[in-house]
**Student:** 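Here it is, the structure in full.
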Amino acid sequence: MSESATTTALTPEVARISEEIVRLLIPHRRTVEPDAHLDIPGHFPEQLRQIADFVAKDEQVIFSLPGFPCKSPNTDKVFGHLPDHGERLALRFLDSLCADIEKVHAPGARVLICSDGHIFGDVIRVPDEHIDAYNDALLEMIHAEGLADHLDTFDLRDCYGPALSYDEKRKLAAGTLGPTLEELRAEVREDESTLRMYRGITRFLVEDTADWEGSRSALQRDCRRRAYEVILRSRAWSELIAESYPRNVRLSIHPQNRGSVKFGIRLLGAADAWTTPWHSVLFHHLDGTWELMHRRDAEKLGREIYRGGRPSHFEAVGDGSGTGADTRPGDGPGTRSAEAA
């Protein structure tokens, strides 16, 4: 739909508010386009249309965000299988974004986090019980942080009824929704953004694979095969969300180009546009900034901080270029630093 078609049926006030909401999203856009600094609301007609549907009815704007699936199974990248301070700050960011939207649109906004871990858990080789524990802890974190007015969760447990197992639900979704493997292979060959996603997911799968006993080339082949399956399942999950919540404004944690149906959103700072809290740990720099990085890299730069008896994040020590001693509950300054974060 063109921008003119998006706005001509709207009142000037609805159009203005919708543009203001998109303007609030733009600074956080996740993309690999080199000229993102030139973005204006008019570049995002699909998002303007979706948002205007809520604004025109004076309703709370509802976003769907597939993501927060589970932690990487590779402990060189993460602490373990439960959410940590990376997820906490990402949730706080989403809450603050909703609060900012409320300043320009009185009914405000809400983000439905559509956790996609179960839909491809078998492909990425993470046990369903770990995904359950991650999702449950994430919801507990939302409530503990006082974010439930703006955030909620949705996962495969909410689909198809309680009688089916996770494997049965995955099979049903993959068999009835999303493209075929042949269609996806053709899209990877012909579409640059799909190819970029395929390569990014392949890289994640290679990095996430621990204790591989075969050759490097065999690992690459295995991960390329599984990357297609991850994308197929993700597409099925996206369609399932759209069927369940057809009006919601669609966000993505993956980079998206202008004009895409989904709006790519960056949750936290990272050197790589693909890095997420569930593939990394959070590092607290001496200047107060936070950065996502792999655990093995953070260990070289700082000390491990615990919160509530669990690893939370890393904190720079000294000049930020060397390793400090671990700080565990009861060790004093590190614990106080974590609790204050």
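In what follows, every heavy atom counts, from backbone to side chain, and hydrogens, waters and symmetry copies are set aside. Residue numbers start at 1 and run along the sequence shown.
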**Student:** Do you see a donor-acceptor pair shorter than 3.5 Å between the side chains of Y166 and E168?
**Tutor:**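 No pair is found: no donor N or O on one side chain lies under 3.5 Å from an acceptor on the other.
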**Student:** Determine whether W237 and L164 fall in the same hydrophobic cluster, where Ile, Leu, Val, Met, Phe, Trp and Tyr are linked whenever their side-chain heavy atoms lie under 4.5 Å apart.
**Tutor:**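 The answer is yes; both residues are in one hydrophobic cluster.
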**Student:** Nearest 0.5 Å, please: how far is OG1 in T176 from CG in L240?
**Tutor:**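 Rounded to the nearest 0.5 Å, the CG-OG1 separation comes to 8.0 Å.
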**Student:** Are the aromatic rings of F68 and W278 close, with centres under 6.0 Å apart?
**Tutor:**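 Under 6.0 Å, so yes.
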**Student:** Is it true that T276 and R30 share a donor-acceptor pair across their side chains at a distance under 3.5 Å?
**Tutor:**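 No, because no side-chain N or O of R30 sits under 3.5 Å from a partner of the opposite role on T276.
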**Student:** Please assess F314 against R295 for the test side chain to side chain contact (heavy atoms under 4.5 Å, CB included), listing each intermediate value before the final yes or no.
**Tutor:** CA-CA 9 Å; F314 281 88; R295 180 185 182 182; 4.0 Å; yes
**Student:** Can you sort out the partners of Y160 under ring-ring contact (aromatic ring centres under 6.0 Å, His included), two or more places apart, ordered by chain and number?
**Tutor:**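 With sequence neighbours excluded, Y160 shows a ring-ring contact (aromatic ring centres under 6.0 Å, His included) to no residue whatsoever.
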**Student:** In chain order, what residues pass the side-chain hydrogen bond (donor to acceptor under 3.5 Å, both in side chains) check against D128, with sequence neighbours excluded?
**Tutor:**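 Partners of D128 by the side-chain hydrogen bond (donor to acceptor under 3.5 Å, both in side chains) criterion, ordered by chain and then number, come out as H118, R170.
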**Student:** Looking at F79, is its backbone amide N or carbonyl O close enough to the side chain of K71 to form a donor-acceptor pair, meaning the two atoms are under 3.5 Å apart?
**Tutor:**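 Side chain of K71 to backbone of F79: no pair is present.
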**Student:** For N248 and S64, test the side chains for any donor-to-acceptor distance below 3.5 angstrom and give the result as yes or no.
**Tutor:**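 A pair is found: one side chain offers a donor N or O, the other an acceptor, under 3.5 Å apart.
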**Student:** Do V78 and I124 belong together in a cluster built from hydrophobic side chains that touch within less than 4.5 Å?
**Tutor:**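 Different clusters.
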**Student:** As a quick check of understanding, evaluate side chain to side chain contact (heavy atoms under 4.5 Å, CB included) for V281 and H294, giving each step before the final call.
**Tutor:** CA-CA 6 Å; V281 298; H294 290 169; over 6 Å; no
**Student:** Does F63 have any ring-ring contact (aromatic ring centres under 6.0 Å, His included) partners at least two apart in sequence or in another chain, and if so, which?
**Tutor:**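 Partners of F63 under the ring-ring contact (aromatic ring centres under 6.0 Å, His included) test: none.
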**Student:** Suppose we screen for salt bridge (Lys or Arg N to Asp or Glu O under 4.0 Å). Which residues come up paired with R258, at least two apart in sequence or across chains?
**Tutor:**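 Testing R258 for salt bridge (Lys or Arg N to Asp or Glu O under 4.0 Å), a comparison that skips the adjacent residues, returns E33, D35, D39.
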**Student:** For the atom pair OG (S234) and CD1 (I201), what is the distance rounded to the nearest 0.5 Å?
**Tutor:**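 It comes to 5.5 Å.
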**Student:** Given the rule in the side chain to side chain contact (heavy atoms under 4.5 Å, CB included) test, do L25 and L97 qualify, once you have shown the distances and angles that lead to the verdict?
**Tutor:** CA-CA 8 Å; L25 296 175; L97 184 60; 3.7 Å; yes
**Student:** Can any side-chain N or O of T31 pair as donor or acceptor with the backbone N or O of N257 at less than 3.5 Å?
**Tutor:**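 Looks like no, no N/O pair under 3.5 Å.
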**Student:** With sequence neighbours left out, what residues match H279 under ring-ring contact (aromatic ring centres under 6.0 Å, His included)?
**Tutor:**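 So H279 forms a ring-ring contact (aromatic ring centres under 6.0 Å, His included) with F204.
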**Student:** Under a single-linkage rule joining Ile, Leu, Val, Met, Phe, Trp and Tyr whose side-chain heavy atoms are separated by less than 4.5 Å, which residues share a cluster with V206?
**Tutor:**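 Grouped by the 4.5 Å side-chain rule, W212, L219 form the rest of the cluster around V206.
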**Student:** Looking at residues at least two apart in the chain, or sitting in another chain, which of them share a side-chain hydrogen bond (donor to acceptor under 3.5 Å, both in side chains) with E192?
**Tutor:**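 So E192 forms no side-chain hydrogen bond (donor to acceptor under 3.5 Å, both in side chains) with any residue.
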**Student:** Decide side chain to side chain contact (heavy atoms under 4.5 Å, CB included) for K77 and S72; before the verdict, give the C-alpha distance in whole Å, the side-chain angles of both, and the deciding distance to 0.1 Å.
**Tutor:** CA-CA 7 Å; K77 299 173 70 173; S72 164; 3.9 Å; yes
**Student:** With E140, which residues qualify under side-chain hydrogen bond (donor to acceptor under 3.5 Å, both in side chains), at least two apart?
**Tutor:**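 By the side-chain hydrogen bond (donor to acceptor under 3.5 Å, both in side chains) rule, E140 matches no residue at all.
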**Student:** Report yes or no: do V55 and V104 belong to one cluster of Ile/Leu/Val/Met/Phe/Trp/Tyr joined by side chain heavy-atom distances under 4.5 Å?
**Tutor:**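 Yes, one cluster joins them.
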**Student:** Using the test ring-ring contact (aromatic ring centres under 6.0 Å, His included), find all partners of H105 that sit at least two apart in sequence or belong to another chain.
**Tutor:**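 In terms of ring-ring contact (aromatic ring centres under 6.0 Å, His included), with neighbours along the sequence ignored, H105 is linked to no residue.
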**Student:** Applying side-chain hydrogen bond (donor to acceptor under 3.5 Å, both in side chains), can you list everything that pairs with D191, at least two apart in sequence or on another chain?
**Tutor:**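 Residues passing side-chain hydrogen bond (donor to acceptor under 3.5 Å, both in side chains) with D191: S193, T194.
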**Student:** Quick one: do the S238 and R250 side chains pair a donor with an acceptor below 3.5 Å?
**Tutor:**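 Short answer, yes.
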**Student:** Can you tell me if Y134 and E87 form a side-chain donor-acceptor pair at under 3.5 Å?
**Tutor:**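 Yes, because at least one side-chain N or O of Y134 sits under 3.5 Å from a partner of the opposite role on E87.
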**Student:** Do D84 and S312 pair up side chain to side chain, a donor and an acceptor below 3.5 Å, judged on atom types alone?
**Tutor:**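 The answer is no; no qualifying pair exists.
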**Student:** State which residues pass side-chain contact (heavy atoms from CB on, under 4.5 Å) with A99; sequence neighbours excluded, sorted by chain then number.
**Tutor:**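 Checked A99 against side-chain contact (heavy atoms from CB on, under 4.5 Å); matches are H150.
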**Student:** Name all residues meeting the salt bridge (Lys or Arg N to Asp or Glu O under 4.0 Å) criterion together with D136; count only those two or more places apart in sequence or in a different chain, and write none if there are none.
**Tutor:**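 For D136 the salt bridge (Lys or Arg N to Asp or Glu O under 4.0 Å) partners, ignoring immediate neighbours, are R157.
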**Student:** Ring centroid separation for Y245 and F154, is it under 6.0 angstrom?
**Tutor:**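 Here the rings of F154 and Y245 have centres that are less than 6.0 Å from each other.
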